[in-house]
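Computed from a predicted model, the values in this text were never measured in an experiment. Numbering of residues begins at 1 and proceeds along the displayed sequence.
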Amino acid sequence: MANGKQASTKRLKMAERAQQQMDIHFPGLTSSPWIWHRKTNDGFTTLPRTLPIAMQAIDVLSKGQPAGHTLFSLWARSPDHSLIIIENPNTFASEAGFSGERAVDTWRRRMKKLRELNFIQTKHGPSGEFHYVLLANPNIALEWLRQTHKIQDGLYSRFIDRIAEVGAYGEIENIRKIWDQERAAAKATEIKAV
């Protein structure tokens, strides 16, 4: 497993490789306004590379009421910080793809599902139940789904492959250790009570 410095080096090499391929296949477009440059264009955020797999898992678990795009919309609004303040639920409902009279109600149901699946935590505020939204680490949420037997083997397998590929498998190892310690502490407390 790569440490932070090694992962950074790997990313640089990936960027260099991508630039080489771009020069071959799309010469002259590197500085084109048609190309998005994270460091020079405004309106960007950092997204987890496993987010597409998290969105798929959410959609599978929300049975006919897919909530994956709702999570993506929250991440797109994230100011490179895990807390989002939702002052106007109508805007968030619209950006998640909901329209009409029931747009906000539909959005709220999807938000409740995201909370139930541990992809977000929420606190009530002036705009209602979802005024303060804390984005959880989707890698940990996916591992929690695995630990609670809620995610399909095929999807979880793809997640494990991807998280190893991006160098973030250590997050899974760390949360497993934390959960093992919590279970041991709870068991010790239970034994003491008897």
Side-chain angles (χ1 to χ4, degrees), residues 34-163 165-166 168 171-172 174-175 178-179 182:
W34 284 97
I35 306 302
W36 182 267
H37 295 279
R38 183 186 186 281
K39 294 186 178 182
T40 58
N41 292 97
D42 293 328
F44 68 87
T45 191
T46 304
L47 295 174
R49 291 184 176 187
T50 55
L51 191 59
I53 296 170
M55 292 169 61
Q56 290 172 2
I58 291 163
D59 288 348
V60 166
L61 294 169
S62 48
K63 297 178 183 164
Q65 297 185 344
H69 195 80
T70 303
L71 180 65
F72 176 79
S73 297
L74 293 171
W75 275 96
R77 281 286 188 147
S78 161
D80 268 347
H81 192 281
S82 56
L83 181 69
I84 301 169
I85 299 172
I86 298 178
E87 294 175 354
N88 186 349
N90 289 317
T91 301
F92 282 79
S94 176
E95 289 181 0
F98 307 117
S99 59
E101 293 178 10
R102 297 183 177 169
V104 173
D105 288 337
T106 302
W107 174 79
R108 283 189 181 116
R109 283 193 298 277
R110 301 312 196 275
M111 292 290 285
K112 287 177 184 176
K113 190 64 176 181
L114 293 175
R115 183 175 57 200
E116 175 188 321
L117 296 173
N118 284 322
F119 284 92
I120 62 172
Q121 293 181 30
T122 63
K123 293 289 183 182
H124 192 273
S127 68
E129 181 179 6
F130 300 106
H131 188 80
Y132 300 102
V133 177
L134 183 66
L135 294 170
N137 180 337
N139 299 334
I140 304 307
L142 284 165
E143 183 61 21
W144 177 82
L145 290 174
R146 179 62 175 188
Q147 297 292 318
T148 56
H149 310 288
K150 294 181 180 180
I151 191 171
Q152 301 167 341
D153 288 344
L155 194 52
Y156 183 73
S157 177
R158 286 187 22 240
F159 164 66
I160 290 298
D161 285 346
R162 182 66 174 139
I163 201 166
E165 180 183 323
V166 301
E171 294 177 16
I172 302 306
N174 290 339
I175 196 64
I178 291 168
W179 288 338
E182 288 173 354

Donor-acceptor under 3.5 Å (Ser94 side chain, Asn90 main chain): no
Side-chain donor/acceptor of Arg110 to backbone N/O of Gln65, under 3.5 Å: yes
Where at least one partner belongs to residues 86-100, residue pairs that pass salt bridge (charged side-chain N to carboxylate O under 4.0 Å, His left out), sequence neighbours excluded: Arg77-Glu95
Pairwise salt bridge (charged side-chain N to carboxylate O under 4.0 Å, His left out) hits with a residue in residues 118-137, at least two apart: Arg115-Glu129
List in chain and number order the residues that pass side-chain contact (heavy atoms from CB on, under 4.5 Å) with [X], two or more places apart in sequence or in another chain; answer none if no residue qualifies.
X	result
Asp153	Arg146
Ser99	none
Glu116	Lys113
Arg102	Thr106

Quick one: does [X]'s side chain get under 4.5 Å of [Y]'s, heavy atoms only?
X	Y	answer
Phe119	Asn137	no
Val133	Ile86	yes
Ile163	Leu142	no
Leu71	Ile58	yes

Using the side-chain hydrogen bond (donor to acceptor under 3.5 Å, both in side chains) criterion, which residues pair with [X]? Sequence neighbours excluded.
X	value
Ser127	His131
Asp80	Thr45, Thr46
Asp59	none
Thr50	Asn139

Pairwise ring pair (Phe, Tyr, Trp, His ring centres under 6.0 Å) hits with a residue in residues 45-75, at least two apart: His69-Phe72
Residues Tyr132 and Gln121: side-chain donor-acceptor under 3.5 angstrom: no
Measure the spacing between [atom1] of [X] and [atom2] of [Y] and express it to the nearest 0.5 Å.
X	Y	atom1	atom2	result
Ile172	Gln147	CD1	CD	9.0 Å
Lys112	Ile120	NZ	CD1	11.5 Å
Phe92	Ile84	CZ	CD1	6.0 Å
Arg162	Ser157	CZ	OG	14.0 Å
Ser82	Leu134	OG	CG	4.5 Å
Trp144	Ile140	CH2	CD1	13.0 Å

With Asp105 via salt bridge (charged side-chain N to carboxylate O under 4.0 Å, His left out) - residues at least two apart: Arg108
Atom CD of Gln152: over 12 foreign heavy atoms under 6.0 Å: no
